Structures are given as structure tokens and as C-alpha cells.
Amino acid sequence: MIELGVDLYDPRTYLRGLPLEAFCRLRHECPIYWQEESAILDWPAGPGYWAITRHADVDFVNRNHQLFSSNLGATQIRDPQPEDLEFQRKMMLNLDPPAHSRLRRIVSKAFTPRNVGRLEVGIRERARAAVDRVAPLGRCDFAQDLSADLPLWTLADVMGVPAEDRKLLFHWANRVIGFQDPEYAQYDEQGRPIDPRSRRALADMFAYAHALAAAKRRRPGDDILTTLLFADADGEKVTDEEFENFFFLLSVAGNETLRNAIPGGMLALLQHPAERRRLAADASLLAPAIEEMLRFVSPVMCFRRTAARDSELHGVKIRAGDKVVVYYASANHDETIFPAPERFDVGRDGADHFAFGIGPHFCLGAFLGRLEMRIFFEELLSRLPDLELDGAIERLQSNFQSGIKHMPVRFTPS
Ligand code: HEM
């Protein structure tokens with residue numbers, strides 16, 4: 001074991017951005033690294049976990065659910081309260097095949113390129129409206145004013161949530177993803193931090209999902225949630241509980257991720273002016289540039305699995321029950337796959353990145369996420385070509401998502 005000098009578990013580590021040097025050392029010197037989980041930010045200590053940092057090992061772990069399960073301990077680093085584990089284990093994200101495959105089959109019908117393609121016109125209108133709102137001002141908070149609303153609008157569309165309720169999705173996602181950040185964390189009467197991943201802590205959200213299901217049963221809409229409630233040609237539909245869990249998953253997964261990817265991608269362009277000029281001169285580079293943003297930023301830094309059996313990886317014994325955390329952010333900077341990984345290169349062929357994960361849980365919203373990013377940057381870069389930083393950025397305090405909460409920018413008003 002090596003003396004790393006960086007705590008991968010501590011959410012404060014990521015306030016300075018991804019710990020790329022530490023990841024690099026781990027990939028070279030200790031690809032299966034034991035990370036302690038000490039008591040931090042009022043949270044009690046945990047048992048610790050194995051950090052997996054090489055591209056090939058992340059691939060191996062994710063493709064072997066019989067060895068490394070998403071279901072046994074769910075998929076977040078911190079162990080849930082025992083009374084919450086049962087509910088979490090029923091979410092699609094936290095199932096293993098074959099139970100996972102059944103739900104995924106039903107749900108993925110709504111995410112085919114054809115169905116997602118129908119959203120394109122609406123996405124463009126909203127991206128334009130977001131730029132229109134700030135263009136006359138000459139300055140704004142890129143993270144809050146420009147990039148937060150598009151994922152919310154789109155998600156509300158996809159889910160058939162009334163547009164005026166989209167801010168609810170925003171608050172629920174903040175509560176879940178921001179629980180380690182002082183701006184969003186919630187505390188009980190005894191001053192203990194509340195773990196938001198429970199039906200109790202999200203009672204308002206589950207009540208909303210329940211009422212929404214009842215409303216859609218009465219009046220079906222043209223949206224994914226309606227699709228789930230009614231049996232399709234193969235006779236498949238979800239139960240009420242599965243519906244509510246899926247509502248929870250989508251509210252978080254389709255929202256925070258993009259809201260972090262967009263400012264992260266913009267920051268990468270601002271920090272690499274030559275690459276920005278290259279992109280401005282050649283629109284055909286936008287598609288690879290989006291992939292490079294996803295690789296470089298890695299909005300979802302890691303996911304947790306639990307060892308289902310004893311095994312051995314690179315001579316390290318992993319015991320049944322051990323926590324294993326795959327670091328997508330490190331795999332995305334693995335020099336054996338991405339030469340000179342620290343370089344942001346808008347022309348890179350980065351198709352092998354794991355920003356959307358890999359294996360059975362590969363992101364269901366990948367096509368939609370890419371579409372939203374492409375349209376957003378098409379609108380933004382042509383309308384505000386001289387946009388630049390106007391102060392310090394503020395990152396999300398989280399050991400799970402690489403987020404930017406505030407990013408002041410200025411540009412010539414138009
Ligand atoms: C840039 C944007 C996005 C990023 C970086 C991202 C990232 C990820 C990652 C890494 C996973 C894998 C989880 C694992 O390894 O266990 C995942 C799964 C998932 N994502 Fe995304 N995501 C994005 C956008 C979206 C959008 C827009 C939606 C839907 C509207 C979405 C819905 C989902 C769902 C439902 C899953 C679970 C799939 C399963 O369990 O089979 N994501 N996402």
C-alpha cells in the first residue's frame with residue numbers, strides 16, 4: 001500500500017477539481033488501493049473501500065456483476081442506513097441482472113434515438129431562450145443562469161411533469177446530490193446530517209410521484225412515465241413502487257449530471273483557448289469536443305459495487321462483502337487509452353471514455369445527454385463568442401459528482 005497524501009473519500013478533496021496526480025500514481029503504483037472512510041463532516045466513519053483506478057479494471061469490475069454487485073449494498077460509497085437499504089435495492093440503478101434486465105427493457109423503449117430525437121426542437125428552443133435571457137446583460141452566473149434550466153425543462157418534458165413543477169426536480173436533485181455540500185445539506189433536530197436517500201427524507205418527492213402516477217392513469221400523456229404505467233405490446237409495465245423509484249432515479253440522474261457537464265465543458269474550453277479557437281473555426285469538431293468534455297470533466301466521478309464473492313485482482317485479495325469503488329474519472333485519464341490525458345483536445349477520438357459508465361448500467365440517458373450538450377453549445381458558442389471568466393468558480397463539495405455551483409462569466413452584451 002502507498003502513502004497517497006490525498007483522501008479520495010473526503011468530499012472536500014474535490015473542491016480543487018479532480019485529484020489527477022493522485023489517480024495517476026494509483027494507476028501506476030497501486031491500482032487496487034484501500035481507502036479509509038474516516039468520520040468527516042459530521043458523518044460517522046465507514047468500513048473503507050477498494051478504489052479501482054485503471055480503465056481495464058473498471059471495465060472488468062462493471063462487466064462482472066456476479067463478482068461485483070450493484071445490488072448487495074446499492075451503489076453509493078456511504079453505506080445506507082439498514083432500514084433504507086431494502087428500498088434502495090429495488091431501484092433499477094441498484095439491481096443486478098436478470099432483475100435489472102427486465103426493468104431496463106421496459107424503460108429503455110422511451111430512450112431510443114428515435115424517441116429522443118423528437119425532443120430536439122424543444123431542446124433547441126429552450127437553449128435559445130436561456131441564451132436570450134442573459135445575452136443583453138453582459139454577465140451572469142454560467143452554472144445557475146445558463147446551464148441549470150435546460151436539463152430541467154427537458155427532463156420535465158420527458159417525464160411529463162408540468163413545466164411549472166420543474167423547480168421541484170431541481171430541489172430534490174440538490175438535496176440528493178448536494179448532501180455533502182454545506183449549501184444543500186440538511187440536518188435533523190439533533191444536528192445530525194440527514195441521508196437523503198430514503199423514502200422518509202424524500203417523503204414530499206415520493207408523495208408527488210404517487211399523485212403523478214394517479215393523474216397519468218386518469219389522463220395518459222405522451223411521455224415516458226405514462227409508457228411505464230400501461231402495459232405495452234409485450235404486456236410489460238411497472239408496479240407503483242417501481243414507478244416511484246424510477247421517478248426518483250430520473251429526477252436525479254437526468255438533471256445534476258448535465259448541469260455539471262455543461263459548465264465543466266465550458267470551463268475546459270475557457271482554460272484551453274487554442275482548442276476553443278480550433279472549435280470555433282471548424283463546426284465539425286463539436287461532436288468530438290463534446291466527448292472530450294465528458295472525458296475531461298467526468299461529471300460522475302465514481303460508482304460503488306459490493307464484492308459478492310472472494311476474488312483476487314492484481315494479487316490483492318478482495319473479500320465477499322468488501323466495498324469496491326470504480327473511479328470513472330481516473331479511467332478517463334488512463335494514459336494507456338488516452339495518450340497525454342491531461343491535454344484537452346477537441347479532436348481526440350475519445351469514444352472509449354466511461355463518463356456514462358460501462359456494462360449493464362451504461363447510462364440510459366447518454367444519447368439525450370449528448371444531444372442536449374450539442375444543441376446547447378451550438379447556440380451558446382455562436383451567440384456569445386467572447387464569453388470569459390469573470391471571477392472565481394465555486395465547486396460542489398461531493399465525492400460523487402464533479403460539479404460547478406457558480407461560475408461568473410462576462411461577454412459583450414447583444
Ligand atoms: C452528461 C450527462 C450524464 C452523465 C455524465 C451520466 C452518467 C451516468 C453514469 C456514469 C451512469 C452509470 C451508473 C453505474 O455505473 O452504475 C448512469 C446511469 C443512468 N443514467 Fe445517466 N448520465 C447523464 C445523463 C443522463 C440523462 C439525461 C438521463 C435521463 C434523462 C440519465 C439517466 C440514467 C439512468 C436511468 C441510469 C441508470 C441505468 C441503469 O441502471 O441501467 N442520465 N448515468
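Note that the coordinates shown come from a computational prediction; the quantities given were computed from them, not determined experimentally. As a basis for the values below, the full set of heavy atoms in this structure was taken, side chains included, without hydrogen atoms, waters or symmetry mates. In listed order, ligands and their atoms are each counted from 1.
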Near Pro360, which atoms of ligand 1 are under 4.0 Å from a heavy atom of that residue? 41 (O)
Are any of the N/O atoms in Ser70 less than 3.5 Å from those in ligand 1? no
How far is atom 40 (O) of ligand 1 from the closest protein heavy atom, and which atom is that? His361 ND1, 2.7 Å
Under a 4.0 Å threshold between the charged nitrogen and the carboxylate oxygen, would Asp145 count as salt-bridged to Arg139? no
Distance-only donor-acceptor check, side chains Asp141 and His406, under 3.5 Å: yes
Could you check, using the six-membered ring where one of them is a Trp, whether Phe303 and Phe400 have ring centers closer than 6.0 angstrom? yes
For ligand 1, which atoms have a heavy atom of Gly357 less than 4.0 angstrom away? 10 (C)
Can you report which non-hydrogen protein atom sits closest to atom 24 (C) of ligand 1, along with the distance? Thr257 OG1, 3.5 Å
My understanding is that we take every heavy atom of each candidate and find the minimum distance to atom 8 (C) of ligand 1. Doing that for Gly369, Cys302, Cys363, Ser402, which one comes out nearest? Cys363
Please state which part of Ile358 comes within less than 4.0 Å of ligand 1, counting heavy atoms only: side chain, backbone, both or neither. neither
Nearest-0.5 Å distance, CG of residue Asn71 to CG of residue Leu93: 11.0 Å
Begin from the C-alpha positions of Asp223 and Thr226 and carry the test side chain to side chain donor-acceptor pair (under 3.5 Å) through to its verdict. CA-CA 6 Å; Asp223 55 71; Thr226 298; 3.0 Å; yes
I need the atoms of ligand 1 closer than 4.0 Å to a non-hydrogen atom of His100, numbered in the order shown. 39 (C), 40 (O), 41 (O)
Among protein heavy atoms, which lies nearest atom 33 (C) of ligand 1, and at what distance? Ala253 CB, 3.7 Å
Pair Asn245, Gln88: side-chain N/O donor-acceptor within cut-off below 3.5 Å: no
State whether a side-chain donor-acceptor pair under 3.5 Å links Thr154 with Arg126. no
Think Arg295 forms a cation-pi with Phe338, using NZ or CZ under 6.0 Å from the six-ring centre and within 45 degrees of its axis? yes
Suppose I only count heavy atoms of Ala355 and a 4.0 Å limit; which atoms of ligand 1 are within that range? 5 (C), 7 (C), 10 (C)
Distance-only side-chain donor-acceptor flag, Asn174 / Arg259, under 3.5 Å: yes
Do me a favour and list the nearest non-hydrogen protein atom to atom 26 (C) of ligand 1 with residue, atom name and distance? Gly254 CA, 3.4 Å
Carboxylate-amine/guanidinium contact Asp240 Arg217, below 4.0 Å: yes
Which segment of Arg104 sits under 4.0 Å of ligand 1 when only heavy atoms are counted: side chain
N/O to N/O below 3.5 Å, does that happen between Asn62 and ligand 1? no
Just checking Phe87 against Phe206, ring centres under 6.0 Å apart? yes
Among all protein heavy atoms, pick out the one at the shortest distance from atom 15 (O) of ligand 1; state its residue, atom name and that distance to 0.1 Å. Tyr328 OH, 2.5 Å
How far is atom 36 (C) of ligand 1 from its nearest protein heavy atom, and which residue and atom is that? Leu364 N, 4.0 Å
Need the ligand 1 atom indices (1-based, order shown) with element for anything under 4.0 Å from a heavy-atom of Leu294. 1 (C)
Mind checking whether Thr75 has an N or O less than 3.5 Å away from an N or O of ligand 1? no
Identify, for atom 11 (C) of ligand 1, the protein heavy atom at the shortest distance, and state residue, atom and that distance. Phe356 O, 3.8 Å
Return the option from Phe367, Phe362, Phe111, Phe303 holding the heavy atom at the smallest distance from atom 13 (C) of ligand 1. Phe303
Contact atoms of ligand 1, heavy-atom distance to Leu249 under 4.0 Å: 35 (C)
For Glu379 and Arg128, indicate whether the former's side chain and the latter's backbone hold a donor-acceptor pair under 3.5 Å. no
Relative to the heavy atoms of Leu155, which atoms of ligand 1 are at a distance of less than 4.0 Å? 30 (C)
Judged by non-hydrogen atoms, does Leu93 sit under 4.0 Å from ligand 1? yes
Looking only at distances, can you tell me whether any N or O atom of Arg305, backbone or side chain, sits closer than 3.5 Å to an N or O atom of ligand 1? yes
Give the C-alpha distance, both sets of side-chain angles, the deciding distance and a yes or no for side chain to side chain donor-acceptor pair (under 3.5 Å) between Asn94 and Arg89. CA-CA 5 Å; Asn94 300 332; Arg89 291 180 68 188; over 6 Å; no
Can the ring centroids of His361 and His100 be said to lie less than 6.0 angstrom from one another? yes
